[in-house]
**Student:** 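Structure provided below as structure tokens; questions to follow.
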Amino acid sequence: MKNPWEEIPLSDYENHMQLNSVMQLQAMNEMMKGQFDAYSISSVAILGIAGGNGLEHIQKSKLKKVYGIDVNADYLKEVVRRYPDLNGILECRCINLIDSAEKLPKADMVVANLLIEYIGYKCFQKAVKQVNPKYVSCIIQINTGENWVSYSPYLHVFDCLERVHHHMDAYELENAMCEIGFHAIKTLEHLLPDGKKLVQIDFINEQKES
């Protein structure tokens, strides 16, 4: 069965995410700058990169390798087209994390924003263990109402995601990461216009902690 993310046009996804009533694209862009700048790393694997939002914050003087991972090959083609200045350090790989996490490359850091909701904690644990990073930075969405997708003209584009969506809880995520040897070192919150909340949690690999 095809992953539903392979069926959602990037334009619909991004147009929904950047609506004034949603503002998730803008919020994540701002938060991603902090993710990339926070730690001393030379490589990063961005899981669920979509259209590459936030890649303009990559410092080529700092990062030698950026892996863009997504299940949608068309998204990845657009990432390459949008960021020609990252040629030489950006490598996009089309990987379905649910059944092919073993194909993930090694990297110093994993960035996973609004991804865990669609693969679940166990699958995310497997992905992180494969990459074997020192740091993991995640952004999850905490819902305040019944609907996990914000209302917009594009709402029904996301109906297909219902079958893969997982409810997120910051405490449960921290427990899941603790099970594989990572502990939380930073938490940030960003309130969205519709009352939902983006929560960023950063983790460090206890085995690689100096």
**Student:** Nearest 0.5 Å please: distance from the CG atom of Asn205 over to the NZ atom of Lys129.
**Tutor:**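 The NZ atom of Lys129 is 12.0 Å from CG of Asn205, to the nearest 0.5 Å.
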
**Student:** Of all heavy-atom pairs between Ala45 and Val131, which one has the smallest distance, and what is that distance?
**Tutor:**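 For Ala45 and Val131, the tightest heavy-atom pair comes out as CB-CG1, 4.3 Å.
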
**Student:** With a sphere of 6.0 Å drawn around NZ of Lys62, does it hold more than 12 non-hydrogen atoms of other residues, nucleotides or ligands?
**Tutor:**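 It does: Lys62 NZ has more than 12 such atoms within range.
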
**Student:** Would you say Ile49 and Val80 are hydrophobically clustered, going by side-chain heavy atoms of ILVMFWY under 4.5 Å?
**Tutor:**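 In one cluster with Ile49: Val80, no.
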
**Student:** Hydrophobic cluster membership, with links at side-chain heavy-atom distances under 4.5 Å among I/L/V/M/F/W/Y: are Phe203 and Ile140 in one?
**Tutor:**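 The answer is yes; both residues are in one hydrophobic cluster.
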
**Student:** Hey, could you give me the CG/SG distance between Leu47 and Cys138, rounded to the nearest 0.5 Å?
**Tutor:**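 Answer for the CG-SG pair, Leu47 versus Cys138, is 9.0 Å.
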
**Student:** Can you label the angle between the Tyr75 ring and the Tyr13 ring as parallel, tilted or perpendicular, going by 30° and 60°?
**Tutor:**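 Ring orientation of Tyr75 relative to Tyr13: parallel.
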
**Student:** To the nearest 0.5 Å, what is the distance between CD on Gln200 and CE on Met28?
**Tutor:**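 Those atoms lie 11.5 Å apart.
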
**Student:** Under 3.5 Å, sequence neighbours excluded: what are the donor-acceptor pairs made by side chains of residues 168-179?
**Tutor:**
| from | atom 1 | to | atom 2 | distance (Å) |
| --- | --- | --- | --- | --- |
| Asp169 | OD2 | Tyr171 | N | 3.0 |
| Asp169 | OD2 | Glu172 | N | 2.9 |
| Glu179 | OE1 | Gln125 | NE2 | 2.9 |

**Student:** Any pair with a residue in residues 31-41 that passes side chain to side chain donor-acceptor pair (under 3.5 Å), sequence neighbours left out, goes on the list, sorted by first then second residue, please.
**Tutor:**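 Every pair satisfying side chain to side chain donor-acceptor pair (under 3.5 Å) with a residue in residues 31-41: Lys33-Asp37, Gln35-Asn113, Gln35-Ser137, Asp37-Gln59, Tyr39-Asp202.
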
**Student:** Run the salt bridge (Lys or Arg N to Asp or Glu O under 4.0 Å) test against Glu117 and tell me which residues pass, sequence neighbours left out.
**Tutor:**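 With neighbours one apart ignored, the set is empty.
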
**Student:** Could you grab the distance from atom CD1 of Ile89 to atom CG of Leu86, nearest 0.5 Å is fine?
**Tutor:**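 It is 5.0 Å, given to the nearest 0.5 Å.
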
**Student:** In the single-linkage hydrophobic clustering (I, L, V, M, F, W, Y; side-chain heavy atoms under 4.5 Å), do Leu114 and Met23 co-cluster?
**Tutor:**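 No.
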
**Student:** Establish whether Tyr67 and Leu104 are linked, either directly or via other cluster members, by ILVMFWY side-chain heavy-atom contacts under 4.5 Å.
**Tutor:**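 Both belong to a single hydrophobic cluster.
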
**Student:** Say whether, by atom type as modelled, one donor and one acceptor occur between the side chain of Thr187 and the main chain of Ile201 under 3.5 angstrom.
**Tutor:**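 No; zero donor-acceptor contacts below 3.5 Å.
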
**Student:** Take a 6.0 Å sphere around NZ of Lys60 and say whether it holds more than 12 heavy atoms from other residues, nucleotides or ligands.
**Tutor:**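 It does: Lys60 NZ has more than 12 such atoms within range.
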
**Student:** If you count heavy atoms of other groups shown closer than 6.0 angstrom to CD of Glu102, is the number above 12?
**Tutor:**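 More than 12 heavy atoms, drawn from other residues, nucleotides or ligands, come within 6.0 Å of this atom.
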
**Student:** Taking Ile95 as the starting point, is it possible to reach Phe124 by hopping between hydrophobic residues whose side chains are less than 4.5 Å apart?
**Tutor:**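 Linked within one cluster.
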
**Student:** What do you reckon, is CG of Asn87 surrounded by more than 12 foreign heavy atoms closer than 6.0 Å?
**Tutor:**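 12 or below, so no.
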
**Student:** At what distance, to the nearest 0.5 angstrom, does NZ of Lys106 lie from CG of Asn132?
**Tutor:**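 Here the rounded value is 5.5 Å.
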
**Student:** Has Asn96 got a side-chain atom pairing as donor or acceptor with Val71's backbone, closer than 3.5 angstrom?
**Tutor:**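 Here the side-chain-to-backbone pair does not exist.
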
**Student:** Can you see whether Glu56 engages Asn29 through a side-chain donor-acceptor pair at a distance of less than 3.5 angstrom?
**Tutor:**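 Short answer, yes.
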
**Student:** Please walk me through it: do Met109 and Val44 pass side chain to side chain contact (heavy atoms under 4.5 Å, CB included)?
**Tutor:** CA-CA 5 Å; Met109 182 178 183; Val44 60; 4.2 Å; yes

**Student:** Return the CZ to CG distance between Arg93 and Asp70, rounded to the nearest 0.5 Å.
**Tutor:**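 Going from the CZ atom of Arg93 to the CG atom of Asp70 covers 14.5 Å.
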
